[in-house]
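One structure below.
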Number of protein chains: 2
Amino acid sequence: MPHSSSIAESASTHSGFGDFRMTKQRKVVYDVLMDERDHPTASEVFLRAKGKMPGISLATVYNCLETMTQAGLIKQVNVDREASRYCPNLRPHAHFFCSECEQIYDIDLRRHADLEAAWELPEGSRIDHVDVAMKGVCPKCGSATDLSKSEN
Amino acid sequence: MPHSSSIAESASTHSGFGDFRMTKQRKVVYDVLMDERDHPTASEVFLRAKGKMPGISLATVYNCLETMTQAGLIKQVNVDREASRYCPNLRPHAHFFCSECEQIYDIDLRRHADLEAAWELPEGSRIDHVDVAMKGVCPKCGSATDLSKSEN
DNA sequence: ATTTTTATTTAGAATAATTCTTGATCTCAA
DNA sequence: TTGAGATCAAGAATTATTCTAAATAAAAAT
Ligand SMILES: [Mn+2]
Ligand SMILES: [Mn+2]
Ligand SMILES: [Zn+2]
Ligand SMILES: [Zn+2]
């Protein structure tokens, strides 16, 4: 048996595809997302990936992010019309976007919380996916802003 | 007293701005959204607006949608990376996107439902806005699909 | 091991939604 | 009426993303 076996090393296992290959490039892109779980954009992933594999191209980064999203290994996260960001956290979670530091934070669902119960869904709707995005100010920026506002 | 007084006829009243003018073009764009509350894109609004005001330009439609969004008269709705759609429904509501008919439906919040309670928000977070988007199949398409699937 | 097939990578061109620029036109208020 | 600021309009520019086509790499078949 060879060395470590992470989720990223088993190929077609996790996808809905019969043929998803965890290539060197895809591994690098996946590792970039796992290294810093800060929801980078494709361009940011590209820059970081070049550190590990100088020859990789932006097109390939886009390809990898696309196929891995399709395969369900990562998630694409959209905030308004900004560039898509990517997230390797597969638990169901919401995203909190701090408008001060422009960081995106993962927000976990409370146990037993029923998301769909809060909504007046028409009878017979089939829900495949629920996307929750919150905007505001994170605790760190909130206290910093409070201080700068009181000193005037 | 002249004719009807809708929300769209009072100018700076509803905005955070000191100077928002409800111009002829903005009224046309607003009325397009009110006429068919189906979340059209900017291009769709443009086509419909030309019916009421042939000389209007796409740039102006974009400008109107932008300023009216800023003013809080309408909402911008984003589904994935697709073109933004626009919605004049100011009540807090979620959006349901049917992947069959590609229609967007407004989903109202149940009374007394507490959206933020479902999430493990870090202490001290300030939430300004919560965005909920659901994807699936609407009742109409759901039953239609069932029939076409069983006849084979 | 060699060939064949298929998937993937890559660079650059193309696309599409949106934003920007600039000058004309309109509106408000002095 | 006149001047300042707001808005409109046409087209250029931007930007994230997708597409294209040829080269490369990996898997399967021989
Ligand atoms: Mn996330
Ligand atoms: Mn709506
Ligand atoms: Zn912050
Ligand atoms: Zn439908």
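So you know, we letter chains A, B, ... as the sequences are listed, proteins then strands, and number each from 1.
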**Item:** First of B/Ala42 and B/Lys24 reached from the 5' end of DNA chain C, by closest nucleotide
**Value:**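 Looking at the nearest nucleotide for each, B/Ala42 comes out on the 5' side.
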**Item:** Residue mapping more 5' on DNA chain C - nearest nucleotide basis, B/Thr23 or B/Glu82
**Value:**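 This one resolves to B/Glu82.
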**4.5 Å side-chain heavy-atom contact, B/Trp119 and A/Asp108** =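 Side-chain contact under 4.5 Å: no.
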**Message:** Is the shortest side-chain heavy-atom distance between B/Leu109 and B/Leu115 below 4.5 Å?
**Reply:**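 The answer is yes, as the side chains (C-beta and beyond) meet within the 4.5 Å cut-off.
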Can you tell me the distance, in whole Å, between the [atom1] atom of [X] and the [atom2] atom of [N]?
X       : N      : atom1 : atom2 : answer
A/Phe20 : C/dA7  : CZ    : C1'   : 12 Å
B/Met22 : C/dC28 : CE    : P     : 13 Å
B/Arg26 : C/dC26 : CZ    : P     : 15 Å
B/Asn63 : C/dA24 : CG    : P     : 18 Å
A/Ile56 : C/dA11 : CD1   : P     : 10 Å
A/Glu66 : C/dT9  : CD    : C1'   : 15 Å

**Message:** Assess whether a salt bridge exists between B/Asp80 and B/Lys135, defined as any Lys/Arg side-chain N lying under 4.0 Å from an Asp/Glu carboxylate O.
**Reply:**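 Here B/Asp80 pairs with B/Lys135 in a salt bridge, since their nearest N and O are under 4.0 Å apart.
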**Asked** Is the closest basic N to carboxylate O distance between A/Arg37 and A/Asp106 below 4.0 Å?
**Response**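 Not counted as a salt bridge, because no side-chain N and carboxylate O are separated by less than 4.0 Å.
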**Asked** OP1, OP2 of C/dT18 versus side-chain N and O of A/Arg81: anything below 4.0 Å?
**Response**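 For C/dT18, OP1 or OP2 has a side-chain N or O of A/Arg81 closer than 4.0 Å.
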**side-chain N/O A/Thr60 vs C/dT10 OP1/OP2, d < 4.0 Å** =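 Yes.
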**Side-chain donor/acceptor of B/Ser125 to backbone N/O of A/Cys138, under 3.5 Å** =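 Not at all, since once roles are kept as given, no pair shorter than 3.5 Å links the two residues.
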**Prompt:** Any cation-pi pair here, A/Arg26 with A/Phe20, using under 6.0 Å and within 45°?
**Reply:**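 Flagged: A/Arg26 positioned over aromatic ring of A/Phe20.
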**Message:** I'd like to know if the side chain of A/Ser84 pairs up with that of A/Gln76 as donor and acceptor (distance under 3.5 Å, no hydrogens or angles considered).
**Reply:**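 The answer is yes; a qualifying pair exists.
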**Request:** Would you indicate what B/Ser84 reaches in the nucleic acid, counting non-hydrogen atoms under 4.0 angstrom: base, sugar-phosphate, or nothing?
**Result:**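 Since only primed, P, OP1 and OP2 atoms lie under 4.0 Å of B/Ser84, the category is sugar-phosphate.
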**Prompt:** Contact class for B/Ala83 (heavy atom, under 4.0 Å): base, sugar-phosphate, or nothing?
**Reply:**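 Since only primed, P, OP1 and OP2 atoms lie under 4.0 Å of B/Ala83, the category is sugar-phosphate.
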**Request:** Output the single nucleotide from C/dA17, C/dT10, C/dC28 whose closest atom is nearest the side chain of B/Arg21.
**Result:**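 Minimum distance to the B/Arg21 side chain belongs to C/dC28.
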**Asked** For DNA chain D, which nucleotides open and close the run of contacts to chain A, 5' to 3', at under 4.0 angstrom from a non-hydrogen atom?
**Response**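 First-to-last contact on DNA chain D, by the 4.0 Å heavy-atom rule, is D/dA16 to D/dA27.
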